[in-house]
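Note on naming: letters A, B, ... go to the chains in the order of the sequence lines (proteins, then strands), and numbering restarts at 1 for each one.
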Amino acid sequence: MLRKIPCFRLRTNRFSSLSVPPTQTISPSLPISNQKHLCIKGHLKEALLEMAIEGERVCFEVYDSLLTQCLNQRAIREGQRVHAHIIKTGYLPPVYLGTRLIVMYNKCDCLNDARQMLDEMPERNVVSWTAMISAYSQRGYTFEALDLFVQMLRSGTPPNGFTFATILTSCSGACGLNHGRQIHSLVIKRNFEPHIFVGSSLLDMYAKAGRIHEARGVFERLPERDVVSCTAIIAGYAQLGLDEEALELFRQLQKEGMESNYVTYASVLTALSGLAALDHGRQVHNRVLRSELPSYVVLKNSLIDMYSKCGNLTYSRRVFDGMSERTVITWNAMLVGYGKHGLGREVVELFRLMRKENEVKPDSITFMAVISGCSHGGLVDEGLSIFEEMISAENGVEPEIEHYGCVVDLLGRAGQVHRALAFIEQMPFIPTAAIWGSLLGACRVHANVTVGEYVARCLFDIEPQNAGNYVILSNLYASVGRWEDVTMLRQMMMEKSVTKEPGRSWIKQGQMLHSFHASDRSHPRREEVAAKVKELSEKIKEAGYVPDLSCVLYDVDDEQKERILLGHSEKLALAFGMIGTPLGLPIRIMKNLRICVDCHNFAKYLSKAYIREVSLRDSNRFHHIVGGRCSCGDYW
DNA sequence: GTAGGGTTAG
């Protein structure tokens with residue numbers, strides 16, 4: 001339970017009682033009329049021209065005003081001229097102006113010049129140090145940021161809240177955790193933990209390193225909360241896939257008076273996407289519309305993703321079409337959506353539109369989405385030509401191992417297993433488990449035992465504890481009738497004590513989300529569900545369904561294996577759906593792992609025999625099963 | 001003059 005803290009503050013007050021307000025020390029003015037100062041405001045080029053003609057020293061305020069204009073306009077040439085003027089006239093910049101120059105250079109993407117400025121400053125203070133640390137931090141130069149922070153400590157300048165809030169953002173991820181902890185002790189020592197900016201940064205650091213309990217601890221200790229700190233902790237849960245916890249916390253904090261903004265809603269939508277909670281997602285969408293929040297691209301991107309992950313691509317596209325401004329993430333979210341639903345044609349079409357409109361440049365994720373979309377949609381030639389285009393053209397996007405992985409998937413799917421293997425062997429990367437795994441899947445689908453065995457051996461070396469690989473190889477052996485090898489695999493798993501992550505399936509009925517795990521005895525209607533599975537099984541057997549016993553890797557007799565298969569969570573959810581979903585409506589199911597071969601087959605027969613549409617989202621993609629056929633083309 | 005949370009992929 002949450003500790004009740006009534007103190008919520010609004011965003012308008014940016015400075016907490018602990019933070020130091022900006023200093024206002026201005027050096028004495030040099031000769032210049034106020035009138036002239038006013039004159040040059042807003043006219044950067046004219047002002048510079050005038051300064052160049054007169055060649056005289058100008059007052060501090062003029063430099064200040066000019067630098068503001070330079071950084072607002074990202075006008076680096078003009079900024080350099082101001083800097084040169086300062087030096088030429090022998091006006092040694094005071095700490096304030098030096099810091100302004102650091103910020104100006106940073107905003108104009110001239111990090112080296114910013115650093116040079118800091119190094120040349122005869123005097124530095126906490127603001128100048130922090131400005132430079134922030135510059136490194138914003139651009140992802142983690143090492144440089146930390147190094148400078150240490151130098152700052154050694155110089156005897158005490159960090160302030162700005163410094164801590166900044167440096168902690170450079171400690172994100174598992175690699176930064178050690179540094180983050182050290183800085184945390186410093187934060188405690190200097191009594192900055194209750195500082196709302198420092199606290200938010202600190203809890204975010206822990207959340208991003210996967211230490212959600214430590215993050216929650218920091219959050220609970222905050223003497224006051226605001227929208228950022230609350231969003232940070234909600235987002236922390238959502239990013240770790242702890243969707244239910246994220247939503248529970250959101251509800252709780254709302255009750256306690258938290259305000260929400262577009263970042264909060266974007267994080268909540270992430271959690272809802274994870275749960276495939278379409279109705280709740282729509283409610284959030286309605287609330288966003290009612291709250292008259294400005295139209296934030298980030299929020300729309302989240303909506304596109306939420307609708308696609310909740311199975312409703314039409315709504316995704318509606319949001320996409322209604323956007324007046326789109327970023328590369330907008331396009332990527334839509335492309336990924338089409339891909340996961342197996343709509344290869346739409347992926348390619350949208351990619352061409354993206355090229356044509358040329359508003360935003362495709363990035364590494366775009367190419368991944370497009371090639372993988374082609375793969376899931378069965379468009380082998382298109383996928384290959386886009387990969388070729390990526391390699392040859394100057395897109396500014398270097399192919400990464402993931403792109404090679406998409407091509408392996410593409411070739412494997414097309415049955416070109418040998419070509420996929422050759423492709424792996426000549427690619428400039430060491431293949432990962434994901435790449436071998438994708439090829440093993442292809443070997444199963446295309447019943448290629450020779451390559452499959454080789455690939456499985458590679459996989460067993462890399463990740464001996466992943467049960468999924470053994471199951472796929474077992475399916476492959478079974479498909480060619482090599483039952484003794486199926487037995488051998490089972491023994492191998494026993495020896496290595498390989499365990500499988502428990503499979504879970506969810507189905508929504510009314511307002512309730514029903515969860516099932518294999519051989520579930522916990523559901524209140526378990527008897528009814530089990531009987532329904534049996535009934536369905538009998539009926540579809542008449543239509544030709546044969547249980548795929550190779551999906552069971554326990555050493556039991558065939559009768560027992562069939563019983564185990566009937567207890568799979570997907571089948572329980574399917575049966576539950578058949579009981580409660582009105583005729584004519586699709587049965588929507590979600591699974592935490594990839595769907596099993598036998599359950600996939602079961603759903604296909606069921607969709608035909610009962611004329612029922614099944615929409616199943618597994619950990620990899622959507623399966624739209626209609627009339628005995630699946631949108632994945634039996635390849636996943 | 002310096003500060004915290006967010007969206008796409010794997």
Side-chain angles (χ1 to χ4, degrees), chain A residues 11 14-16 19-20 22-26 64 67-68 71 93-104 106 125-135 137-138 159-169 192 195-205 207-208 219 222 226-236 238-239 261-270 273 296-306 308-309 327-337 339-340 363-373 400-403 405-406 432-435 620:
Chain A
R11 198 82 220 266
R14 280 179 60 81
F15 296 98
S16 87
S19 76
V20 184
T23 50
Q24 290 298 319
T25 44
I26 306 275
D64 192 29
L67 287 173
T68 306
L71 73 87
V95 186
Y96 179 91
L97 268 193
T99 311
R100 297 281 279 143
L101 281 165
I102 291 177
V103 175
M104 187 275 296
N106 175 36
N125 66 10
V126 61
V127 184
S128 34
W129 281 107
T130 308
M132 193 63 229
I133 293 171
S134 166
S137 196
Q138 283 165 15
N160 64 14
F162 284 77
T163 325
F164 282 124
T166 305
I167 193 64
L168 283 164
T169 60
F192 274 103
H195 186 300
I196 195 156
F197 277 54
V198 179
S200 313
S201 200
L202 196 53
L203 79 86
D204 185 57
M205 181 275 290
K208 292 210 164 74
F219 180 73
L222 280 176
D226 67 359
V227 64
V228 177
S229 51
C230 292
T231 305
I233 189 71
I234 292 169
Q239 284 159 357
N261 66 13
Y262 76 105
V263 184
T264 325
Y265 287 124
S267 306
V268 168
L269 287 169
T270 304
S273 306
Y296 289 107
V297 178
V298 167
L299 189 48
K300 296 269 172 85
N301 294 345
S302 295
L303 283 166
I304 292 175
D305 183 56
M306 180 276 292
S308 108
K309 286 189 177 148
T327 62
V328 66
I329 296 180
T330 316
W331 290 90
N332 291 351
M334 199 64 234
L335 289 166
V336 168
K340 294 239 179 218
D363 67 3
S364 154
I365 296 173
T366 314
F367 282 104
M368 234 181 280
V370 175
I371 304 169
S372 137
E400 294 156 34
I401 189 159
E402 288 82 2
H403 299 103
C406 291
T432 58
I435 290 182
N620 207 19

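- Of the candidates B:dA3, B:dG5, B:dG6, B:dA3 carries the atom nearest the A:S134 side chain, counting heavy atoms from C-beta on.
- Ring geometry for A:H195 versus A:F192: interplanar angle of 30 to 60°, hence tilted.
- One interatomic measurement links the two molecules: CD1 of A:I365 to C1' of B:dT8, which rounds to 5 Å at whole-angstrom precision.
- Between A:M334 atom CE and B:dT7 atom P there is a gap of 19 Å when expressed in whole angstrom units.
- A:S229 comes within 4.0 angstrom of a nucleotide base, judged by non-hydrogen atoms across all strands.
- Note: CZ (A:F367) to P (B:dG10) measures 16 Å, nearest angstrom.
- Which of B:dG4, B:dT2, B:dA9 sits closest to the side chain of A:T169 comes down to B:dG4.
- A:I133 has its CD1 atom 15 Å from the C1' atom of B:dG4, to the nearest Å.
- At the heavy-atom level, A:A235 lies under 4.0 Å from the strands shown only through sugar-phosphate atoms.
- Residue contacts shown for A:T366 are absent, as no nucleic acid heavy atom lies under 4.0 Å away.
- Here A:V328 lies out of heavy-atom contact (under 4.0 Å) with every strand.
- The distance between atom CG of A:L202 and atom C1' of B:dG5, rounded to the nearest whole Å, is 14 Å.
- Residue A:T99 is classed as a base contact, given a heavy-atom separation below 4.0 Å to a base.
- With rounding to whole Å, A:N125 atom CG is found 9 Å from B:dT2 atom C1'.
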>> Please determine whether side chain to side chain donor-acceptor pair (under 3.5 Å) holds for the pair A:Y96 and A:D64, giving the CA-CA distance in whole Å, both sets of side-chain angles, and the decisive distance to 0.1 Å.
In response: CA-CA 9 Å; A:Y96 179 91; A:D64 192 29; 3.3 Å; yes

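- Between B:dT8 and A:K300, no contact under 4.0 Å exists linking OP1 or OP2 to a side-chain N or O.
- The side chain of A:F162 lies closest to B:dT2 when the candidates are B:dT8, B:dT2, B:dG4.
- Residues A:S273 and A:M306 come closest through the heavy atom pair OG-CA, 3.2 Å.
- Residue A:E400 is out of contact with every strand shown, counting any heavy-atom pair closer than 4.0 Å.
- Remark: A:K208 is not in phosphate contact with B:dG4, judged by side-chain N or O atoms under 4.0 Å from OP1 or OP2.
- Of the candidates B:dG4, B:dG6, B:dT7, B:dT7 carries the atom nearest the A:N301 side chain, counting heavy atoms from C-beta on.
- Distance from the side chain of A:M368 is smallest to B:dG10 among B:dA3, B:dG10, B:dG5.
- The phosphate of B:dG10 has OP1 or OP2 within less than 4.0 Å of a side-chain N or O from A:K340.
- Atoms CH2 (A:W331) and P (B:dT8) sit 18 Å apart, rounded to a whole Å.
- Straight-line distance from the CG atom of A:D305 to the C1' atom of B:dA9: 10 Å, rounded to whole Å.
- Using a 4.0 Å cut-off, some side-chain N or O of A:Q138 falls inside it from OP1 or OP2 of B:dA3.
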